[in-house]
Amino acid sequence: EVQLVESGGGLVRTGGSLRLSCVVSGSTFDGYGIGWFRQAPGKEREGVSCIIKKTGDTYVAPSMRGRFTISSDNAKNTVYLQLNSLKPEDTGIYYCAAAQGVMVPYYCSDPAYGMDYWGKGTLVTVSA
């Protein structure tokens, strides 16, 4: 069974940075796309980014490009999300999720896409 565990969230001031990690166990996640999503209080879940393990292709939502970067360390079965220039509106729970068989990173960054496995999330709080 595939399990995903996020870490790296915390409290940071506006303009600060965090690096989130998503450790995947139970699989080498070959053939998977690993996506990051976030959910702010009282809002719907939105897609942030995704990376295709096999090709390294990535996608970052347009509103976050230039500030957020996704990467992976296949030897560690870990996907990272680097968050820079954080704003209060970036506050929320950040989740990683895995989708098997996806090859287009835009798809696995779409919260409406049928992700196969989800982590429990890590909280990011950005103070003004």
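Only a predicted model underlies this, so the values are computations on that prediction, with no experimental measurement involved. Basis for what follows: all heavy atoms, side chains included, without hydrogens, waters or symmetry-related copies.
Nearest heavy atom pair, residue Ile34 against residue Ala98, reads CD1-CB, 3.5 Å. Closest approach of Val60 and Ser49 over heavy atoms only: CG2-OG, 3.5 Å. When all heavy atoms of Glu6 and Gly121 are compared, the closest pair comes out as OE1-N, 2.8 Å.
Residues meeting the side chain to side chain contact (heavy atoms under 4.5 Å, CB included) test with Pro62, sequence neighbours left out: Tyr59, Arg65. With sequence neighbours excluded, the residues satisfying side chain to side chain contact (heavy atoms under 4.5 Å, CB included) with Thr58 are Ile51, Ile70. Ser25 pairs by the side chain to side chain contact (heavy atoms under 4.5 Å, CB included) definition with Gln3, not counting sequence neighbours. Residues satisfying the side chain to side chain contact (heavy atoms under 4.5 Å, CB included) test with Tyr107, not counting sequence neighbours, are Val102, Val104, Tyr113.
Here NZ of Lys53 is found 7.5 Å from CG of Asn77. Values are rounded to the nearest 0.5 Å. Annotation: the span from Tyr32 atom OH to Met115 atom CE amounts to 10.5 Å, rounded to 0.5 Å. Note: Met64 CE to Ser109 OG = 9.5 Å, rounded to the nearest 0.5 Å.
Judged as a ring-ring contact (aromatic ring centres under 6.0 Å, His included), not a single pair has a partner in residues 66-91 (not counting sequence neighbours). Within the structure, no pair that satisfies the ring-ring contact (aromatic ring centres under 6.0 Å, His included) test touches residues 4-24, not counting sequence neighbours. For residues 58-92, no pair satisfies disulfide (SG to SG under 2.5 Å), with sequence neighbours left out. Sorted by first then second residue, the side-chain hydrogen bond (donor to acceptor under 3.5 Å, both in side chains) pairs that include residues 84-102, not counting sequence neighbours, are Ser17-Asn84, Arg38-Asp90, Arg38-Tyr94, Arg67-Asp90, Gln82-Asn84. Counting only residues at least two apart or in different chains, disulfide (SG to SG under 2.5 Å) contacts with residues 82-128 comprise Cys22-Cys96, Cys50-Cys108. Residues in residues 117-128 take part in no side-chain hydrogen bond (donor to acceptor under 3.5 Å, both in side chains) pair, two or more places apart or across chains.
Connection of Phe37 to Leu123 is established within a shared hydrophobic cluster, with ILVMFWY side chains joined at heavy-atom distances below 4.5 Å, either directly or through further cluster members. Neither Leu4 nor Val23 shares a network with the other; the hydrophobic side chains, linked directly or stepwise wherever heavy atoms of I, L, V, M, F, W or Y lie under 4.5 Å apart, form separate groups for each. Leu81 and Ile93 fall into different hydrophobic clusters, where Ile, Leu, Val, Met, Phe, Trp and Tyr residues are linked whenever their side-chain heavy atoms come under 4.5 Å apart, directly or through other members.
Side-chain atoms of Asp73 never come within 3.5 Å of backbone atoms of Thr78 as a donor-acceptor pair (strictly under, hydrogens ignored).
Here the side chains of Val2 and Asp116 are not in contact, with every heavy-atom distance at 4.5 Å or above. Using a 4.5 Å heavy-atom threshold, the side chains of Leu83 and Val12 count as separate.
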